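Here the structure is a predicted model, which means the values were calculated and not measured.
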Amino acid sequence: MKASLPHHLPSSLVAKLTARQSGQALFELALLVPLLCLVVFAIVDYGRVLNDEQIMVGLSRQGSNMASRGATLSVAANAVVQGSAPLNLATAGQVTITSVARVSNADTITGQVTVSAGASTPSKIGTGVGNKATVPAVVDDIFSKNAGQTVYITEVYYPFQQITPLAKMWNLVLPPTLYQVAYF
């Protein structure tokens, strides 16, 4: 509701006060627009990252689950790529499924398949059948409690491109490659 001005003021003074109020509102708007843009852009890009990460969690679990139930590593990796919508790992990204067993008290890669579209990212578990695997403590616990077990590890890499000018405007950059891993 607009505040009413006293009727006894001259019309030129009323015009000046009104002009000052609209100038003040324009100034406040000019101060707030960049901040509002920052918040909106951050919500959009961060929301996209969270959505992609959640999809990748499901894909990595699917790959490890399929491999642990008897599917070959290549069949499981290709199934992850084919079921990756809306990410489309067939044209961008990478899926690596690795089987790891404890051989002579050393975690060893017993099988590994990578399906990649574009640049290949080395596995964080290790590369090459027969080579040492780098596994987290949770996998070490599995081996210590279940001798002779094989653990299937699915890694999903996906390139992320921001769609807002957040990086250019405020130098806020989200990771260029998203990563998820699952152990079964």
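- No donor-acceptor distance shorter than 3.5 angstrom exists from the side chain of Asn51 to the backbone of Gly47, with no hydrogens or angles considered.
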Yes or no on side chain to side chain contact (heavy atoms under 4.5 Å, CB included) for Thr150 and Val100, after CA distance, side-chain angles and deciding distance?
CA-CA 6 Å; Thr150 298; Val100 177; over 6 Å; no
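- Minimum heavy-atom separation, Lys132 to Ile109: O-CD1, 4.1 Å.
- Here Asp52 contributes atom CG and Gln180 contributes atom CD; the two are 10.5 Å apart, rounded to the nearest 0.5 Å.
- Between Tyr152 and Phe184, a ring centre-to-centre spacing not shorter than 6.0 Å is recorded.
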Enumerate, atom names and distances included, each donor-acceptor pair closer than 3.5 Å involving a side-chain atom of residues 26-39, sequence neighbours excluded.
from, atom 1, to, atom 2, distance (Å)
Glu28, OE2, Gln24, NE2, 3.1

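- Taking CD1 from Ile55 and CG from Leu87, the interatomic distance works out to 4.5 Å, rounded to the nearest 0.5 Å.
- Contact between Glu155 and Lys124 at its shortest, heavy atoms only, is OE2-N, 3.0 Å.
- Each of Val113, Asn78, Thr154, Val115 was evaluated against Leu73; a single residue qualifies, Val113, per the side chain to side chain contact (heavy atoms under 4.5 Å, CB included) test.
- Rounded to the nearest 0.5 Å, atoms CD (Glu53) and OH (Tyr46) are 9.0 Å apart.
- Among all heavy-atom pairs drawn from Ile142 and Val151, the shortest one is CG2-CG2, 4.0 Å.
- A chain of hydrophobic side-chain contacts below 4.5 Å, direct or via other Ile, Leu, Val, Met, Phe, Trp or Tyr residues, connects Val156 to Val49.
- Ala90 and Ala117 get closest at one heavy-atom pair: O-CB, 3.3 Å.
- With values rounded to the nearest 0.5 angstrom, Ile153 atom CD1 is found 12.0 Å from Ser68 atom OG.
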Quick one: do Leu89 and Tyr158 satisfy side chain to side chain contact (heavy atoms under 4.5 Å, CB included)? Show the steps, please.
CA-CA 7 Å; Leu89 290 171; Tyr158 190 71; 3.5 Å; yes
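- Counted within 6.0 Å of CG on Asn105, heavy atoms from surrounding residues, nucleotides or ligands total 12 or fewer; the atom is thus considered open.
- Sorted by first and then second residue, the pairs that involve residues 108-119 and meet side chain to side chain donor-acceptor pair (under 3.5 Å), not counting sequence neighbours, are Thr96-Thr114, Thr98-Gln112, Ser99-Thr110.
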Test side chain to side chain contact (heavy atoms under 4.5 Å, CB included) applied to Val181 and Ser60, step by step:
CA-CA 6 Å; Val181 62; Ser60 62; 5.8 Å; no
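- Gln94 places a side-chain N or O within donor-acceptor distance of the main-chain N or O of Thr121, the cut-off being under 3.5 Å.
- A chain of hydrophobic side-chain contacts below 4.5 Å, direct or via other Ile, Leu, Val, Met, Phe, Trp or Tyr residues, connects Val135 to Tyr183.
- Counting heavy atoms of neighbouring residues, nucleotides and ligands inside a 6.0 Å radius, atom CZ of Arg48 exceeds 12 of them.
- Connection of Ile97 to Ile125 is not established within any shared hydrophobic cluster, with ILVMFWY side chains joined at heavy-atom distances below 4.5 Å, either directly or through further cluster members.
- Of all non-hydrogen atoms in Ala76 and Ala67, the two that sit nearest each other are CB-N, 4.1 Å.
- Contact of the Pro165 side chain with the Phe41 side chain is registered, since non-hydrogen atoms from C-beta on lie closer than 4.5 Å.
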Worked verdict on Leu178 versus Tyr157 for side chain to side chain contact (heavy atoms under 4.5 Å, CB included)
CA-CA 6 Å; Leu178 304 178; Tyr157 300 86; over 6 Å; no
